[in-house]
Engineer: 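Handing you this structure, nothing more for now.
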Amino acid sequence: MKKLRIVNQIHEGGVVAVLRGDSPEEVVEMAKQSIAGGIKIIEVTLTVPFALRAIEKLAAEYSSSAPADSDKYAVIGAGTVLDPETARAAILSGSEFVVGPSLNPETVKLCNRYRVPIMPGVMTAMEIQEALDLGVDVVKLFPGNLYSPAMIKAFKGPLPQANMMPTGGVNLDNLKDWIKAGAFAVGIGSDLTTDALREKDYSLVAKKSAQYIEAFKAAIN
């Protein structure tokens with residue numbers, strides 16, 4: 001099934017690029033650089049003006065069905081999805097997964113209806129359990145900078161079946177700790193793009209992307 005394939009691709013990719021910018025063109029360029037550097041799971045946040053244009057363009061150029069070693073392989077998703085209406089629009093624009101900052105049951109139901117992976121943001125064991133009850137495959141620990149990697153072990157004590165992706169506060173220094181603690185994948189936001197945006201040199205995204213992939217591979221070996 002496609003949904004299970006996408007979930008597995010996110011897990012195998014290990015690192016999700018969470019991209020924000022001032023325009024769809026800027027985000028598309030950052031996404032291309034991220035993919036070139038090795039991070040091929042791309043989350044375009046819906047806080048970007050006309051974000052759906054960026055998703056449409058990337059979904060037309062890249063495919064999760066392409067060979068993993070192909071230049072055209074990437075998994076394109078939507079982030080900061082607050083409601084089912086936005087989720088549906090993102091899916092129609094080509095998003096193959098949906099991420100939210102919080103747990104919205106109606107958004108989860110919409111994504112389940114269309115068999116699209118949904119990763120809602122959670123902060124408590126109660127929210128994780130509710131997400132599992134709704135059929136969520138992966139929850140997003142958000143904001144990750146309020147946690148430490150030890151929280152994954154703590155949550156997995158009573159909820160070993162929960163797959164957790166910390167986002168926010170994950171960096172090159174602590175990525176290994178999160179992966180070793182049992183993170184399903186990690187989301188990387190501003191640390192991936194800050195230097196590039198400041199210098200107006202998007203090639204820096206590719207360089208930082210390569211560093212993250214190298215760190216992830218070291219963590220799983």
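It should be emphasised that the depicted structure is a prediction, and the values quoted were computed from it without experimental measurement.
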Engineer: Quick one: do F97 and I41 satisfy side-chain contact (heavy atoms from CB on, under 4.5 Å)? Show the steps, please.
Structural biologist: CA-CA 10 Å; F97 64 91; I41 314 299; 3.9 Å; yes
Engineer: Quick one: pull up NZ in K140 and CZ in F184 and give me the separation to the nearest 0.5 Å.
Structural biologist: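 Nearest 0.5 Å value for the NZ-CZ distance: 15.0 Å.
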Engineer: Which atom pair, heavy atoms only, marks the closest approach of A131 to V139?
Structural biologist: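 Result for this residue pair: CB-CG1, 3.6 Å.
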Engineer: Set out, in order, the CA-CA distance, both residues' side-chain angles and the distance that settles side-chain contact (heavy atoms from CB on, under 4.5 Å) for V28 and E26, then state yes or no.
Structural biologist: CA-CA 6 Å; V28 166; E26 184 174 63; over 6 Å; no
Engineer: Is any side-chain N of the basic residue among R198 and D195 closer than 4.0 Å to the acidic one's carboxylate O?
Structural biologist: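 Yes, R198 and D195 are salt-bridged.
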Engineer: Hey, does I10 have a side-chain heavy atom less than 4.5 Å from the side chain of M119?
Structural biologist: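 Counting from C-beta outward, M119 and I10 do come under 4.5 Å.
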Engineer: Within the structure provided, determine whether P120 and E127 are in side-chain contact (heavy-atom separation under 4.5 Å).
Structural biologist: no
Engineer: Apply side-chain contact (heavy atoms from CB on, under 4.5 Å) to L110 and I91, showing your working.
Structural biologist: CA-CA 10 Å; L110 183 284; I91 292 168; 4.0 Å; yes
Engineer: I'd like to know if E85 pairs up with R88 as an ion pair, taking the criterion as any Lys NZ or Arg NE/NH1/NH2 lying under 4.0 Å from an Asp or Glu carboxylate oxygen.
Structural biologist: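 Result for this pair is no, no salt bridge flagged.
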Engineer: Answer whether the closest heavy-atom distance between the side chains of P143 and M123 falls below 4.5 Å.
Structural biologist: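 They are in side-chain contact.
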Engineer: Give a yes or no answer on whether the side chain of K156 reaches the backbone of A162 with a donor-acceptor pair at less than 3.5 Å.
Structural biologist: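 Checking the backbone N and O of A162 against the side chain of K156, a donor-acceptor pair under 3.5 Å is found.
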Engineer: Checking the side chain of E43 only, and the main-chain atoms of V99 only, is there a donor and an acceptor separated by less than 3.5 Å?
Structural biologist: no
Engineer: Look at D137 together with K3 and state whether they make a salt bridge at an N to O cut-off of under 4.0 Å.
Structural biologist: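 Yes, charged N to carboxylate O under 4.0 Å.
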Engineer: For the residue pair F216 and V186, establish whether any side-chain heavy-atom pair is separated by less than 4.5 Å.
Structural biologist: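 No; the side chains remain at least 4.5 Å from each other.
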Engineer: Nearest 0.5 Å, what's the NZ-CD1 distance between K32 and I42?
Structural biologist: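 One gets 12.0 Å once the value is rounded to the nearest 0.5 Å.
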Engineer: Do you know the tightest heavy-atom contact between P160 and G157?
Structural biologist: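 Smallest interatomic distance, heavy atoms only, reads CD-O, 3.9 Å.
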Engineer: Which of these passes side-chain contact (heavy atoms from CB on, under 4.5 Å) with L192: V18, N171, L19?
Structural biologist: L19
Engineer: Would you find more than 12 non-hydrogen atoms of other residues, nucleotides or ligands less than 6.0 Å from D133 atom CG?
Structural biologist: yes
Engineer: Please check: side-chain N/O of D83 versus main-chain N/O of T86, any donor-acceptor pairing under 3.5 Å?
Structural biologist: yes
Engineer: Could you tell me which non-hydrogen atom of A54 sits nearest to which non-hydrogen atom of V44, and how far apart they are?
Structural biologist: CB-CG1, 4.3 Å
Engineer: So, K180 side chain and A219 main chain: donor-acceptor pair closer than 3.5 Å or not?
Structural biologist: yes
Engineer: Does any N or O in the side chain of S93 come within less than 3.5 Å of the main-chain N or O of A89, such that one atom is a donor and the other an acceptor?
Structural biologist: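 Present.
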Engineer: Does the side chain of L46 reach to within under 4.5 Å of the side chain of L52, using non-hydrogen atoms?
Structural biologist: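 Yes. Closest side-chain heavy atoms under 4.5 Å.
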Engineer: Hey, does E96 have a side-chain heavy atom less than 4.5 Å from the side chain of I76?
Structural biologist: no
Engineer: At what distance, to the nearest 0.5 angstrom, does CG of N221 lie from CD1 of I179?
Structural biologist: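 Taking CG in N221 and CD1 in I179, the distance rounds to 11.5 Å.
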Engineer: Might you point out which heavy atoms bring N145 and G169 nearest each other, and give the distance in Å?
Structural biologist: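 N145 and G169 have their closest heavy atoms at CB-CA, 3.8 Å.
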Engineer: For M151 and L146: C-alpha separation, side-chain torsions, deciding distance, then whether side-chain contact (heavy atoms from CB on, under 4.5 Å) applies.
Structural biologist: CA-CA 10 Å; M151 287 301 297; L146 297 184; over 6 Å; no
Engineer: Is N104 close to P84 at the side-chain level, that is, under 4.5 Å between some pair of heavy atoms?
Structural biologist: yes
Engineer: Tell me which one of R53, E29, E56, K57 satisfies side-chain contact (heavy atoms from CB on, under 4.5 Å) with P24.
Structural biologist: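 Single pass found, and it is R53.
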Engineer: Measure across W178 and Y147 and return the closest heavy-atom pair with its distance rounded to 0.1 Å.
Structural biologist: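 Looks like CH2-CB, 3.9 Å.
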Engineer: If I compare all heavy atoms of R20 with all of V27, which pair ends up nearest, and what's the gap?
Structural biologist: C-CG2, 4.0 Å
Engineer: Atom CG of L141 and atom CD1 of I128: how far apart are they, to the nearest 0.5 Å?
Structural biologist: 6.0 Å
Engineer: Any side-chain to backbone donor/acceptor pair from T80 onto T45? Under 3.5 Å, distance only.
Structural biologist: no
Engineer: Got a second to check how far S64's OG is from K2's NZ, nearest 0.5 Å?
Structural biologist: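 Going from OG on S64 over to NZ on K2, the span is 5.5 Å.
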Engineer: For residues V81 and T107, determine if any side-chain heavy atom of one lies less than 4.5 Å from a side-chain heavy atom of the other.
Structural biologist: yes
Engineer: To the closest 0.5 Å, what do you measure between CG (N112) and CD1 (I118)?
Structural biologist: 8.5 Å
